[in-house]
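Below is one structure, written out as C-alpha cells; the observations come after it.
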Amino acid sequence: MAIILDGNTLAKSIKKDIKSQVGNMMAPPGLAVIIVGDDPASHVYVKNKKKDCLACGITSHEFDLPEDTGQEKLLALIGKLNNDPNIHGILVQSPLPEGYNIQEVFQRISPKKDVDAFHINSAGGILRGEYSFLPCTPAGVIALLDHYNIDPMGKHCVVVGHSNIVGKPMAMMLLNRNATVTICHIHTADLAAHTRQADILVCAVGKLDLITADMVKPGAVVIDVGINRLENGKIRGDVDFEAVSEIASHITPVPGGVGPMTRAMLMLNTLNSALTCPQ
Ligand code: GUN
C-alpha cells in the first residue's frame with residue numbers, strides 16, 4: 001500500500017506558519033478576490049479562499065460582480081486595486097462568463113500582485129527559473145514532494161495535461177529541478193506507454209479514472225491534480241486511487257492531496273508579496 005501524501009496536514013501547518021509571520025507584520029497582507037457572475041463552483045472556490053485568508057490573518061477583499069459588469073469596468077477595478085497599498089495580491093476567479101477576454105484581464109493585473117502567476121511575465125519567469133510568484137497548483141505539488149523528501153532530480157517525470165495553469169508550468173518547474181520531463185496530452189498517441197515510464201506521474205486532466213493501475217510503474221510516485229465531481233456530490237481525481245495505491249510508492253488522495261496545497265500556496269504568495277513589496 002502506497003504512502004499517502006497528505007496535503008491537508010501539510011497545508012494546515014503552512015497556514016499556521018503564515019499566521020505566525022503575519023502576526024509580526026505592521027499591517028496584514030491583503031488579497032483581492034474578484035468573481036464575476038454566479039457560477040456555483042467558482043463561488044465555492046472563492047468561499048474557501050476567504051476561509052484560508054481568515055485562518056492566515058490575511059485580509060480578504062471580495063468583489064462579487066454581476067455577469068453584465070463588462071470587460072472595461074472589470075479592467076478599471078483591477079487598475080484601481082493595482083494602486084491600492086492595502087492590496088498585495090489580486091485574483092480573478094476563472095472561468096469568466098462568456099464575452100470576457102480573460103487573457104486581457106490577467107494581463108491587467110500588476111505582476112507585483114500576480115499571486116495566481118497567470119500574467120505573461122510570471123509565465124515567462126518560470127521558463128527562466130526567475131520569478132516572483134509560482135502558479136499555486138504546481139507550486140503545491142512541488143511543496144508536497146519536498147515535504148516527503150521526494151527529489152525530482154534525475155527522475156523521469158511524466159505530466160499528463162498541458163494546460164497553461166497546471167501542466168505546462170508543472171513540467172517547467174520539474175525541469176528546473178533537473179528532472180527528465182515528458183508532457184502528454186489529449187493528442188498523445190499511446191498514453192500508457194509514456195505513463196508506465198514515469199518515476200513521478202502527475203495527472204492534471206479532469207477525466208475520472210484516466211490513470212488505471214496497468215498504466216503505472218510499480219513504485220512510482222503518483223500525483224493526482226484532477227477534480228471530478230460525481231453525481232452523488234463526492235469528488236474524485238483522475239487516478240483510480242484504490243487500484244493504483246496498491247502499486248505506487250506514494251500517492252495523493254482526492255480530496256485532501258493537491259487541492260489544499262493549492263490554496264496554501266495562494267496564501268504563501270500573498271504573504272510573500274506583502275513581505276517583498278509592502279507598498
Ligand atoms: N479557477 C479554478 N482554479 C483557479 C485558480 O487557481 N485561480 C483562478 N484565478 N481561478 C481558478
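Atoms within each ligand, like the ligands themselves, are counted from 1 in listed order.
Qualifying ring pair (Phe, Tyr, Trp, His ring centres under 6.0 Å) partners for Y100, counting only residues two or more places apart in sequence or in other chains: none.
The pair D17-K12 does not meet the salt-bridge criterion, since no charged nitrogen lies less than 4.0 angstrom from a carboxylate oxygen. By the 4.0 Å N-to-carboxylate-O rule, D209 lies close enough to R236 to be salt-bridged with it.
Checking S122 against D114 by side-chain atom types alone, a donor-acceptor pair falls below 3.5 Å. T188 and H194 form no side-chain donor-acceptor contact under 3.5 Å, judged by distance and modelled atom types alone.
Selection from I227, I165, D116 by nearest heavy atom to atom 9 (N) of ligand 1 gives D116.
At a 4.0 Å heavy-atom cut-off, ligand 1 touches V92 through the backbone alone.
By the 3.5 Å distance cut-off applied to N or O atoms, Q93 is counted among the residues near ligand 1.
Distance from atom 10 (N) of ligand 1 to its nearest protein heavy atom, with residue and atom name: S94 N, 2.9 Å.
Applying the 4.0 Å criterion to heavy atoms of F118 picks out, from ligand 1, the atoms 7 (N), 8 (C), 9 (N). Contact atoms of ligand 1 toward L91: 9 (N) (distance under 4.0 Å to a heavy atom of the residue).
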